[in-house]
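Structure first, then comments.
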Number of protein chains: 2
Amino acid sequence: MDLRADGQALADRAAMDHPLRVVAQPLRRQVEDGLRAAIAGGRFAPGEHLSDRLLCDLFGASRTVVREAVRLLEAEGLVCVLPHRGAFVAFLSVEEAAQIYELRAALEALAGEGFATRASEAERAMLRDIFKKLSALPQDTGREALLAIKRRFYDVLLAGCGNPFVARMLAPLLSRILRLRATSLSAPGRLRHTVAEVGRVMAAIERRDGPAAASACREHVARAAKAALAVLAAQQTPRRR
Amino acid sequence: MDLRADGQALADRAAMDHPLRVVAQPLRRQVEDGLRAAIAGGRFAPGEHLSDRLLCDLFGASRTVVREAVRLLEAEGLVCVLPHRGAFVAFLSVEEAAQIYELRAALEALAGEGFATRASEAERAMLRDIFKKLSALPQDTGREALLAIKRRFYDVLLAGCGNPFVARMLAPLLSRILRLRATSLSAPGRLRHTVAEVGRVMAAIERRDGPAAASACREHVARAAKAALAVLAAQQTPRRR
DNA sequence: CCTGTCATATTGTATGTCAATCAGGCAAAG
DNA sequence: CTTTGCCTGATTGACATACAATATGACAGG
């Protein structure tokens with residue numbers, strides 16, 4: 001029996017076994033994903049109190065299920081549970097955001113290096129294709145469309161890097177800075193730089209140059225971080241003092 | 001109010017507020033840690049079925065608590081939950097172990113770099129002190145004592161690296177390869193190399209040389225991985241085929 | 001104004017229940 | 001004798017409820 005601790009692989013296998021019942025995601029997963037999306041998407045404000053009852057009503061689930069989902073999000077750092085007071089949407093300080101970006105840079109560098117040295121030709125072709133679409137985007141592309149393309153790029157990169165754990169570690173980090181990414185990506189003129197930076201990643205990958213790909217990924221994240229942190233600092237400074 | 005999503009900081013603050021009630025860890029945490037330790041320590045064999053009832057009896061807790069703990073461990077990859085069949089202790093394949101070591105190398109490199117460039121003099125002194133103890137260890141030191149010293153070294157390194165997220169990402173990885181580390185660390189002659197490799201990390205840190213520290217950390221993990229993977233391959237090959 | 005006490009609300013934990021599903025055994029058909 | 005189908009027992013998924021522990025806020029008293 002396949003007992004790898006790989007959730008996605010198990011889900012895939014389950015889908016293979018029961019190809020008809022597509023909707024059959026466990027309720028707990030639905031609540032978890034829904035809540036994660038709601039928080040990452042900003043439908044709850046940072047610091048907002050997420051009471052048990054509120055979430056039960058919202059998702060139509062029992063306390064048991066809601067609480068399990070909240071625990072998961074707590075482990076991811078999206079919410080913060082205080083004993084006997086409940087869950088609160090976590091704040092994101094400038095320091096924390098900087099630390100997350102630092103980590104993201106290291107992880108994506110690893111992914112880039114792995115992809116450059118281990119990806120198959122088919123995977124490289126997919127990445128090439130997505131990069132071509134990214135390059136062809138008009139300057140005034142909306143943030144949604146831009147984020148979607150970038151997500152596809154990273155999905156392929158992570159899938160082909162030969163180390164699924166990288167994606168598993170990165171996911172919770174990205175969910176915490178999702179809003180930040182959305183706002184910073186839409187900064188005027190950022191797209192041009194993005195394309196150039198990702199282009200260097202792509203070029204290193206075409207050369208099978210692992211270290212160069214790692215370095216290019218790190219560089220890209222570092223620049224994105226600079227833009228994002230500027231936005232975050234501008235948001236927080238006038239409010240707090 | 002302090003609502004950082006930093007579990008340890010919150011725990012610290014709680015400990016400050018209630019300095020007397022040291023034992024007052026939530027029941028859920030006790031079960032979670034106990035189960036994690038039991039699995040990481042090998043008291044359950046890989047593939048073993050961890051039934052709800054069994055765990056309830058073992059920890060004297062209710063299903064609610066046990067299930068929440070199991071979910072957490074599932075997210076960490078220590079156990080693997082199959083719908084309507086329950087939790088099983090996850091296997092660790094050679095590939096997975098290699099991937100975990102790769103990730104660990106990247107994370108510890110980041111920690112080393114951060115420590116070299118950002119740690120305070122007091123933190124450097126603590127690290128220096130621990131390294132001195134490590135160097136003075138006799139060749140035939142038991143694996144327990146060796147692991148303990150190394151753990152202290154990394155605790156200080158991670159605490160002083162200026163990025164608490166690194167420690168949070170590393171912890172679940174380490175718990176999955178704990179047994180592997182224990183066996184590979186006790187390989188004959190490994191201590192000598194360990195001291196030399198960690199010495200290079202220490203030297204780079206004393207020079208405030210971030211990149212060198214990163215590289216030394218990466219190198220150390222890579223060598224440890226080589227030893228550990230050899231052990232794992234030797235364990236699995238004769239059993240499986 | 002400060003302090004101590006109490007009532008209320010919320011969470012932490014435990015328990016019982018029902019439905020869904022899986023594993024294994026048993027019997028009948030080929 | 002093998003295979004197929006069904007049935008039963010066991011286990012988990014989800015829910016509702018109940019009780020204990022604790023934090024919050026109000027209120028009375030100094």
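Both A:Pro83 and B:Ser51 lie near DNA chain D, and the one whose nearest nucleotide falls closer to the 5' end is B:Ser51. Both B:His84 and A:Leu50 lie close to DNA chain C; mapped to their nearest nucleotides by heavy-atom distance, the more 5′-ward contact belongs to A:Leu50.
The nearest whole Å value for the distance from the CD atom in B:Glu32 to the C1' atom in C:dT13 is 16 Å. Rounded to whole angstrom, the span from the CZ atom of B:Arg71 across to the P atom of D:dT12 amounts to 11 Å. If you take CG of A:Leu27 and P of D:dT12, they are 19 Å apart, rounded to a whole angstrom. Between the P atom of D:dT12 and the CD atom of B:Glu68 lies a distance of 16 Å, rounded to the nearest Å. Taking atom CG on B:Leu54 and atom C1' on D:dT12, their separation rounds to 14 Å, with Å as the unit. One can place NE2 of A:His49 at 11 Å from C1' of D:dA23, the figure rounded to the nearest angstrom. Between B:Phe88 atom CZ and D:dT11 atom P there is a gap of 12 Å when expressed in whole angstrom units. Atom pair A:Arg85:CZ and D:dG25:C1' shows a separation of 12 Å (rounding to whole Å applied).
Scored by the ring-ring contact (aromatic ring centres under 6.0 Å, His included) test, A:His84 finds no partners at all (sequence neighbours excluded).
For A:Gln99 (side chain) and B:Gly162 (main-chain N/O), a donor-acceptor pair under 3.5 Å exists by modelled atom type. Between the side chain of B:Arg218 and the main chain of B:Ala105, no donor-acceptor pair closer than 3.5 Å is present.
Taking a 4.0 Å limit (strictly below) on heavy-atom distances, residues 60-67 of chain B reaches DNA chain D at B:Arg63, B:Arg67.
By the 4.0 Å N-to-carboxylate-O rule, B:Lys133 lies close enough to B:Asp129 to be salt-bridged with it. Using a 4.0 Å cut-off between charged nitrogen and carboxylate oxygen, B:Glu74 and A:Arg28 do not count as a salt-bridge pair.
Of the candidates B:Arg168, B:Arg36, B:Arg71, B:Arg36 is the only one forming a salt bridge (Lys or Arg N to Asp or Glu O under 4.0 Å) with B:Glu76.
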